[in-house]
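Side chains included, hydrogens not; waters and symmetry mates left out as well; all remaining heavy atoms used. Nothing fancy with the numbering, it's 1 onward along the sequence. We count ligands from 1, going down the list as the structure has it; atoms in each ligand are counted the same way.
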Amino acid sequence: MKTDKKRGQAFCQITQCPSPFFRLKHMRSSAASLHAGMTLLVFLLVSCNLLSFAQESPWDILNGRDKEIVNAFLEKAKPLITEKQEKGIAALLVFSELFKGLNEEDRIFLERVCLLSGMGSCTDIEIQLEGTSQKIKFIPIENQSFSKQNLPEKIPTQYLSENVFETYAKMMKRMEENIGTKLLVESGYRSPAYQLYLFLSFLPKHGYSLIENQRWNALPGKSEHGNPVRQAVDFISVNGVNGEENPEDFTALPEYQWLKQNAADFDFELSYPEESKDAVFEPWHWRCIKSQK
Ligand SMILES: [Zn+2]
């Protein structure tokens with residue numbers, strides 16, 4: 001399963017140095033104030049140096065206790081996630097479900113991981129539709145299957161917001177009319193809570209390194225799959241080609257060439273194009289930008 005590969009993405013800074021000049025311009029110009037101002041300036045510069053030093057050593061490889069917490073959490077969450085996956089509703093998981101039954105230490109650890117994403121605390125997405133009191137409505141995409149080497153394979157239920165689903169459906173109708181085939185949604189909306197679970201589930205594979213893991217798996221709040229308004233979609237062909245092992249397999253598809261020429265007419269664009277310097281080329285990952293117009 002793809003969970004958003006992104007390379008070269010710097011860890012967000014949790015702390016920021018306040019500008020000493022902003023503070024100083026509010027001080028009166030008396031000698032006493034000037035002295036106090038200079039003291040404040042020195043204090044802030046020293047603080048900033050210390051913070052800069054701290055920023056050079058980001059939280060990365062988990063220590064022994066944190067590894068135990070992650071392993072225990074994955075064990076605890078497994079039955080819940082399996083049940084949700086079997087019911088096809090894992091992508092809509094919320095934090096209250098994920099946090100249920102966890103102890104204080106587990107919760108604090110998960111909150112620390114959420115903080116890394118810059119989203120603040122672990123928070124669910126609750127976007128009000130513009131001008132209404134209506135919440136985002138998700139459309140389930142069920143019964144999708146592809147045939148790989150003549151073996152049928154079912155795709156778990158995926159979700160797109162109503163708006164994005166309609167755009168996707170229109171685009172696929174046109175693609176089928178033009179080239180006689182369409183693309184399936186391998187991965188649509190993923191809630192921040194589900195993204196957090198996925199992120200942590202890949203940590204052992206990446207040596208419990210938060211930074212290395214983030215090159216391949218997005219933190220909750222960082223993934224375009226977690227934004228139902230500006231939604232990312234990972235496509236897969238009806239023959240099971242998704243480019244995961246070899247992006248060229250996907251770029252060789254007539255479906256990909258069609259997308260390159262026509263997706264803009266349907267408000268879809270490639271998120272991580274080949275020419276992008278700071279992200280891995282992901283020819284299957286397109287985002288709907290309809291809401292931005
Ligand atoms: Zn993606």
Side-chain angles (χ1 to χ4, degrees), residues 1-9 85 88 90-93 117 119 125 136 138-141 144 146 153 155-161 163-165 167-169 171-172 175 182-203 205-206 212-238 240-251 253 255-256 258-260 263-264 266-292:
M1 175 183 188
K2 301 195 200 87
T3 55
D4 269 13
K5 298 180 220 170
K6 285 211 78 184
R7 216 175 256 164
Q9 193 179 46
Q85 284 173 337
L92 303 179
L93 185 76
S117 72
M119 74 188 289
I125 297 256
I136 293 284
F138 288 102
I139 306 291
I141 309 174
Q144 294 187 108
F146 55 85
E153 209 168 307
I155 299 174
T157 304
Q158 299 300 315
Y159 294 85
L160 293 176
S161 63
N163 180 28
V164 175
F165 177 77
T167 311
Y168 159 74
M171 185 163 78
M172 288 307 116
M175 186 188 275
K182 64 173 189 170
L183 289 165
L184 307 170
V185 177
E186 190 183 21
S187 190
Y189 175 72
R190 295 196 293 261
S191 71
Y194 189 45
Q195 190 70 32
L196 175 63
Y197 169 78
L198 292 173
F199 181 84
L200 294 174
S201 71
F202 282 96
L203 261 176
K205 186 183 167 188
H206 296 291
E212 182 59 21
N213 193 31
Q214 203 196 183
R215 288 172 66 195
W216 306 100
N217 304 289
L219 283 159
K222 286 271 184 189
S223 170
E224 288 185 336
H225 287 277
N227 186 340
V229 177
R230 198 167 186 262
Q231 179 69 56
V233 177
D234 289 343
F235 290 118
I236 186 168
S237 80
V238 293
V241 178
N242 63 5
E244 193 167 18
E245 283 161 23
N246 187 7
E248 286 75 32
D249 294 343
F250 196 84
T251 55
L253 294 172
E255 294 92 315
Y256 174 74
W258 187 94
L259 280 179
K260 281 195 81 169
F266 297 89
D267 301 309
F268 267 89
E269 68 179 18
L270 198 55
S271 294
Y272 310 118
E274 204 159 7
E275 58 274 18
S276 169
K277 286 192 175 69
D278 59 355
V280 180
F281 176 40
E282 294 192 355
W284 58 83
H285 176 118
W286 294 70
R287 64 186 167 210
C288 185
I289 53 168
K290 193 172 187 174
S291 61
Q292 294 190 316

- Message: I'd like to know if the side chain of Ser271 pairs up with that of Glu224 as donor and acceptor (distance under 3.5 Å, no hydrogens or angles considered).
- Response: yes

- Glu224 N/O/S atom closer than 2.8 Å to the Zn ion (ligand 1): no

- Item | Atom name in His285, limited to N/O/S, at shortest distance from the Zn ion (ligand 1) | ND1

- Message: Could you check whether any side-chain N or O of Ser117 sits under 3.5 Å from a backbone N or O of Lys222, counting only pairs where one atom can act as donor and the other as acceptor?
- Response: no

- Sorted by chain and number, sequence neighbours left out, side chain to side chain contact (heavy atoms under 4.5 Å, CB included) with Ala90 holds for Lys84, Gln85, Tyr194

- Partners passing salt bridge (charged side-chain N to carboxylate O under 4.0 Å, His left out) against Glu212 (at least two apart in sequence or in another chain): Arg215

- Message: Please report, to 10°, the angle around the Zn ion (ligand 1) from atom NE2 (His225) across to atom OD1 (Asp234).
- Response: 100°

